[in-house]
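Source: prediction; values computed, not measured.
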Amino acid sequence: MDALRTAATGMAAQQTRVDVIANNISNMSTTAYAPRKAVFADLIYRTEVNPGAISSTNGTVVPTGIQIGLGVQTSAVTMDIGQGALRQTGNDLDLAVQGRGFFEITLPNGEPAYTRDGKFEVDPDGQVVTSTGFPLADGLTVPQDARKVSISPDGEVYAYFDDAVDGQSIGNINLVSFVNERGLEALGNNLYRQTTASGEPLTGQPGNEGLGLLEQGYLEESGVDVVSEIADLIEAQRGYELNSKVLSAADEMYAAATRIR
């Protein structure tokens, strides 16, 4: 009887599902967080009779065979990189991507990383950096005497000074897209890294080549749907309970078989 181990794989799968849900709910207030979803697949099958096997000397074909599944496994944890709601902040350097695309930033080791978290600040040198201090790859620096910064939807950045009415261009902010955004590797701190699965980064001006536009003074909220997560949590809990009942039933059957002997 394989039921004990089969039910155990079901309980382990539901545990993984709850772990993913817990991470989603804990990030319900994280800027531009992309919720995850666990995906499962059935395990291998113990085959006693193959479908299509010959069952007699007359060449009778078995229509369905006998194959008994051995449980379930986690096949993937996918990201839902959809458009989150925008929240107005009024800060000059808060940016939300309305549509597709990521900001490119530079890690301390020089490698590029990507994020949709547009909560930017300036460091002591005037360089535009993320909330964790990593600079934008576009190398944008705000002059110390600028009183205001304006960023257009297509990424043009202008600084305004006290002695001039018109703004002065100080650079551009580009966006990056990938063929398979779900193939990005999550690094934490709202950052992602390119992988073989994601494909090469495609850099372009916001509004072009399928990229979204920038919204100054806004941040993208977490994409977590709390009601949906709670419904999934209840479903996972019931699934875990059902698998535990199968485990108990199999144990009782083993005990009955032992008593007979």
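Atom-to-atom distance recorded for Thr47:OG1 and Ile66:CD1 is 10.0 Å, nearest 0.5 angstrom. Here the straight-line distance linking atom CG of Asp154 with atom CD of Glu156 works out to 5.5 Å at 0.5 Å rounding. To the nearest 0.5 Å, the span separating CD1 on Ile44 from CG on Leu70 amounts to 5.5 Å. Distance check, rounded to the nearest 0.5 Å: CG of Leu184 to CZ of Phe102 gives 5.0 Å. In this structure, OG in Ser29 is found 9.0 Å from CZ in Arg87, a value given to the nearest 0.5 Å. Expressed to the nearest 0.5 Å, how far CG of Asn174 lies from CG of Asp138 amounts to 5.0 Å.
Side-chain contact check for Glu185 and Thr195: no donor-acceptor pair (N or O, by modelled atom type) lies under 3.5 Å. A donor-acceptor pair shorter than 3.5 Å cannot be found between the side chains of Asn27 and Ser222. Residues Tyr33 and Asn23 have side chains that bring a donor and an acceptor to within less than 3.5 angstrom of each other.
Gln205 pairs by the side chain to side chain donor-acceptor pair (under 3.5 Å) definition with Asn208, not counting sequence neighbours. With sequence neighbours excluded, the residues satisfying side-chain contact (heavy atoms from CB on, under 4.5 Å) with Glu104 are Pro112, Tyr114, Ala137, Val176, Thr203. Every side-chain contact (heavy atoms from CB on, under 4.5 Å) that Gln83 has, sequence neighbours left out, goes to Leu86, Gln98, Arg116, Glu220. For Glu229, the side-chain contact (heavy atoms from CB on, under 4.5 Å) partners at least two apart in sequence or on another chain are Ile21, Asn24, Ile25, Pro35, Val224. Evaluation of the side chain to side chain donor-acceptor pair (under 3.5 Å) rule for Asp123 yields no partner, not counting sequence neighbours. Phe40 meets the side-chain contact (heavy atoms from CB on, under 4.5 Å) test with Ala13, Arg17, Ala38, Val72, Thr74; sequence neighbours excluded. For the side chain to side chain donor-acceptor pair (under 3.5 Å) test, residues two or more places apart in sequence or in another chain that qualify with Glu181 are Arg100. For Lys37, the salt bridge (Lys or Arg N to Asp or Glu O under 4.0 Å) partners at least two apart in sequence or on another chain are Asp232. Judged as a side chain to side chain donor-acceptor pair (under 3.5 Å), and not counting sequence neighbours, the contacts of Thr130 are Thr132.
Without hydrogens or angle criteria, Ser26 side chain to Ala22 main chain gives a donor-acceptor distance under 3.5 Å. Asn91 places no side-chain N or O within donor-acceptor distance of the main-chain N or O of Leu93, the cut-off being under 3.5 Å. Not a single donor-acceptor pair under 3.5 Å links the side chain of Gln14 to the backbone N or O of Glu235. Put simply, the side chain of Ser228 never gets that close to the backbone of Asp225: no donor and acceptor are under 3.5 Å apart.
By the 4.0 Å N-to-carboxylate-O rule, Asp80 lies too far from Arg36 to be salt-bridged with it.
Residues Ile151 and Val149 have side chains in contact (heavy-atom distance under 4.5 Å, counting atoms from C-beta outward). By the 4.5 Å heavy-atom criterion applied to side chains, Gln127 and Val122 are not counted as neighbours. At least one side-chain heavy atom of Phe120 sits less than 4.5 Å from a side-chain heavy atom of Leu136. Counting heavy atoms from C-beta outward, Asp166 and Tyr160 have side chains that stay 4.5 Å or more apart. For the pair Leu175 and Pro206, the minimum side-chain heavy-atom distance is below 4.5 Å. Counting heavy atoms from C-beta outward, Gln194 and Glu200 have side chains that approach closer than 4.5 Å.
Within 6.0 Å of the CD atom in Gln144, the count of heavy atoms belonging to other residues, nucleotides or ligands does not exceed 12. Atom CE of Met79 is surrounded by more than 12 heavy atoms from other residues, nucleotides or ligands within 6.0 Å.
Listed by first and then second residue, the side-chain hydrogen bond (donor to acceptor under 3.5 Å, both in side chains) pairs that reach into residues 241-254 are Arg238-Glu241, sequence neighbours excluded. Judged as a side-chain hydrogen bond (donor to acceptor under 3.5 Å, both in side chains), the pairs with a partner in residues 51-63 (not counting sequence neighbours) are, in order, Ser56-Thr60. Annotation: salt bridge (charged side-chain N to carboxylate O under 4.0 Å, His left out) contacts involving residues 65-76, sequence neighbours excluded, are absent.
Between Val246 and Ala7, the closest heavy-atom pair is CG1-CB, 3.8 Å. Between Thr141 and Asp125, the closest heavy-atom pair is CG2-O, 3.7 Å.
For the side-chain contact (heavy atoms from CB on, under 4.5 Å) criterion with Pro135, the lone passing option out of Leu140, Leu107, Val129 is Val129.
Residues Val157 and Val142 are members of one and the same hydrophobic cluster, defined by side-chain heavy-atom contacts under 4.5 angstrom among Ile, Leu, Val, Met, Phe, Trp and Tyr.
Centroid-to-centroid, the aromatic rings of Tyr192 and Phe178 stay 6.0 Å apart or farther.
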